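What follows is a set of notes on a single structure, which appears directly below.
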Amino acid sequence: MTKTEFAGFIREHGPVILDGATGTNLMEAGMPIGVCPESWVLENPQVLLDLQRRYVEAGSHIVYASTFTGNRIKLEEYGLQERLEEINTQLVALSRQAVGDQALVAGDMTMTGQQLFPMGELLFEELVDVYKEQASVLAKAGVDLFVVETMMSLQECRAAVIAIREVCDLPIMVTLTYNEDGRTLFGTPPETAVVVLQSLGVDAIGVNCSTGPMEMVPLVEKMAEYATIPLIAKPNAGLPELEGKKTVYRMTPEEFAGAGVALVKAGAAIVGGCCGTTEQYIAKYQDLIQGVQPRVPVKKHAHLWLSGLELLEVSPEINFVNVGERCNVAGSRKFLRLINEKKYDEALSIARKQVEDGALVIDVNMDDGLLDAAQEMTTFLNLVASEPEIARVPIMIDSSKWEVIRAGLKCVQGKCIVNSISLKEGEEVFIAHAREVKQLGAAVIVMAFDEKGQADTYSRKIEVCERAYRILVDKVGFAPEDIIFDPNVLAVATGIEEHNNYAVDFIQATGWIRKNLPGAHVSGGVSNLSFSFRGNNYIREAMHAVFLYHAIQQGMDMGIVNPATSVLYTDIPQ
């Protein structure tokens, strides 16, 4: 099934009905606690065949193959890792036998149970390989689509989506599990999950399990405010309760389906059942949700959306996004010294101070000849991810080395900015880098640089930016709002006459870009302007304030600055 066919399937059958629980029903059928569910099913195939046939008879349009914990890490717990291909292949075949051509079969994938570094020892690349191994088998076995479910970490979601995309182009659904506070275990609110996963190109997103059906309604409503893809709600039959040694779910099928109506009205186009649900619960959906008109989402996607743990919308209402510049080894001697000496706690305090001072994004650069830049970028961003007060803002991964940018992209949970790509090495390299950025769900800064060199005049700046824009939008399929141009803030007052108009050229190019390249943004490294006055901070900050006053009026909406600057335009004597 193609992504386009999946979108058509949702429109044709909506609200689309998923199946109900598998695990709790297998336990009701006699599966002991502590065994590998996948291997038990293969030893008792008729149990799964009967269950999934009942779900189809109850109206399910999509049935999940029983491959939930069929990844290598989970199978290793049972000593079954060598049977990974056999287990996943046979389970898909069982589901296909059960549903025939009456429903789609989804390859089911979930968490590994191991924490990513620095919370654990699992590296991002290793996690991608684990998911890729399972996804490859599932695709070969003939699943119609994938579901990545019950996720708590956006990093794990990202790894699974990247792995699937490296294997095939089948549709991908993703569901996360939320706590009572409306966030995942790792602190991600629903709106951030939507923006990040949409940028990764998934085909549907939603919530499963969590705290109960009615408690899901506000989560789906929040997702609907930001979603441009179908939303999923797969609730349990109420919270589990212990009755002696048995786990029970108190919600009746009628109560469950009533909550389903509320979820559809909140915006869910795909509904099903999680723990405690049976075919009786799914059958009730058929009676109640057909004809229910879902809430129409407010499409808030025309602007650049970034995120750490929290969302940042770069819209006309936000006059200027200041990007903290102090976590840059090329621009801060103190930061370079701390990284060199492995004093990461003190280095993190610099990032924390920038956020406290008002930085909306943190620029991180590790390009120094004495550093292993990729390793230091990985280490520092992993540490940032474990500091919620820093991790709440988006990251700008800043490097002239592609391997460093790639390493950084694997460490961020949210939607970050890559700084930068350019046409310096020609179109082929530019397109390859842009596609990788797009695949990893980031926005990108494009430097006004091509095969001829750095664009320094107004005419060169607009020439290079227009060419890059057309390549990104027309050939790569990049969203225009995810493109940020840096037309090169260059030093003035250097004593060289040709440099005197650099600031004016930048400001005029900014106005041209905002008028002629729809959706694109403009940023720049503001401190470059005043390099001739190093050591005289008042003069430098005054120059920056005047420059920004005029550049912002022309449409510059982002810049790498010192958020603690003390000189304001209005304070400068005329």
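Owing to the predicted nature of the structure, the values given are computational and were not obtained by experimental measurement.
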Going through the distances and angles, do V148 and E156 end up as a side-chain contact (heavy atoms from CB on, under 4.5 Å)?
CA-CA 10 Å; V148 180; E156 286 191 291; over 6 Å; no

With heavy-atom distances below 4.5 Å as the criterion, would you say the side chains of T184 and S153 are in contact?
no

Using modelled atom types and a 3.5 Å cut-off, is there a donor and acceptor pairing between side-chain atoms of S210 and backbone atoms of Y178?
yes

How far does CD of Q114 sit from CD of E77, to the nearest 0.5 angstrom?
8.0 Å

Less than 6.0 angstrom separating the ring centers of Y226 and W305, yes or no?
yes

Can you check whether F146 reaches C168 side chain to side chain, under 4.5 Å on heavy atoms?
yes

Does E403 come within less than 4.0 Å of K401, counting only side-chain N to carboxylate O?
no

Tell me if a side-chain donor or acceptor on S386 pairs with a main-chain N or O of L383 at a distance below 3.5 Å.
yes

Residue K438 excluded, over 12 heavy atoms near NZ under 6.0 Å
no

Checking N365 side chain against V329 main chain: does a donor-acceptor pair fall under 3.5 Å?
no

Taking 4.0 angstrom as the limit, do R183 and E310 come out as a salt bridge?
yes

In terms of ring plane angle, is the pair Y469 and F485 parallel, tilted or perpendicular, where the classes change at 30° and 60°?
tilted

L170 CG to I164 CD1 distance, which is reported to the nearest 0.5 Å
9.0 Å

Would a 4.5 Å heavy-atom cut-off, applied to side chains only, mark L348 and F380 as touching?
yes

E425 atom CD: more than 12 heavy-atom contacts under 6.0 Å
no

Is the closest side-chain heavy-atom distance between L381 and I397 below 4.5 Å?
yes

Using a strict cut-off of less than 4.0 Å between a Lys/Arg side-chain nitrogen and an Asp/Glu carboxylate oxygen, indicate whether D129 and R72 qualify as a salt bridge.
no

Which atom names give the shortest non-hydrogen contact between A455 and N488, and what distance separates them?
O-ND2, 2.9 Å

OG1/T175 to CG/L231 distance, rounded to the nearest 0.5 angstrom?
12.0 Å

Looking only at atom types and distance, does a side-chain atom of S523 sit under 3.5 Å from a main-chain N or O of D486, one as donor and one as acceptor?
no

Listed by chain and number, what are the salt bridge (Lys or Arg N to Asp or Glu O under 4.0 Å) partners of D345, not counting sequence neighbours?
none

To the nearest 0.5 Å, how far apart are SG in C416 and CD1 in I395?
8.0 Å

T457 and D505: side chain donor to acceptor below 3.5 Å:
no

Verify, without hydrogens or angle tests, whether R158 (side chain) and L440 (backbone) share a donor-acceptor contact under 3.5 angstrom.
yes

Within 6.0 angstrom of E341 CD, more than 12 heavy atoms from elsewhere:
yes

Do E346 and R352 meet the salt-bridge criterion of a basic N to acidic O distance under 4.0 Å?
no

So, do L197 and L176 sit near enough that their side-chain heavy atoms are less than 4.5 Å apart?
yes

Heavy-atom closest pair, residues F531 and A491
CB-CB, 4.3 Å

Under 6.0 Å from the NZ atom of K353, do we count more than 12 heavy atoms belonging to anything else shown?
no

M377 and V364: side-chain contact (heavy atoms from CB on, under 4.5 Å), yes or no, with the steps?
CA-CA 8 Å; M377 180 67 77; V364 180; 3.7 Å; yes

What verdict does the side-chain contact (heavy atoms from CB on, under 4.5 Å) test give for M366 and S399, after you've listed the backbone C-alpha separation in whole Å, the side-chain angles of each residue and the deciding distance to 0.1 Å?
CA-CA 7 Å; M366 296 292 180; S399 179; over 6 Å; no

Take a 6.0 Å sphere around CD of E126 and say whether it holds more than 12 heavy atoms from other residues, nucleotides or ligands.
yes

Quick one, D169 with T2, criterion side-chain contact (heavy atoms from CB on, under 4.5 Å). Give me CA distance, side-chain angles, the key distance, then yes/no.
CA-CA 7 Å; D169 199 33; T2 67; over 6 Å; no

If we only count heavy atoms from C-beta on, is the Q413 to V196 side-chain gap below 4.5 Å?
no

Do the charged groups of R467 and E451 touch, with an N to O distance under 4.0 Å?
yes

Could you tell me whether the side chain of R326 and the main chain of I362 form a donor-acceptor pair under 3.5 Å?
no

Is the shortest heavy-atom distance from the side chain of F478 to the side chain of V437 under 4.5 Å?
yes

Can you tell me how far the CD1 atom of I417 sits from the NE2 atom of H521, to the nearest 0.5 Å?
9.5 Å

Indicate yes or no: does D203 engage R165 in a salt bridge with an N to O separation below 4.0 Å.
yes

With a 3.5 Å distance limit and no angle check, can you tell me whether S136 reaches the backbone of K132 through a side-chain donor-acceptor pair?
no

Backbone N/O of F335 and side chain of S332: donor-acceptor pair under 3.5 Å:
yes

Which pair of non-hydrogen atoms, one from N71 and one from L84, has the smallest distance, and what is that distance?
C-CD1, 3.9 Å

Pair K74 + E38: basic N to acidic O under 4.0 Å
no

Return yes if some donor-acceptor pair links the side-chain N/O of K461 with the main-chain N/O of P487 below 3.5 Å, else return no.
yes

So, Q134 and N88: side-chain donor and acceptor under 3.5 Å apart, yes or no?
yes

In Å and rounded to the nearest 0.5 Å, what is the CD1 to CD1 distance from I484 to I513?
12.0 Å

Does L338 offer a backbone N or O that forms a donor-acceptor pair with the side chain of Y344 under 3.5 Å?
no

Taken in chain and number order and not counting sequence neighbours, the residues that satisfy ring-ring contact (aromatic ring centres under 6.0 Å, His included) with H433 are W402

Side-chain heavy-atom pair I471, L423 within 4.5 angstrom cut-off
yes

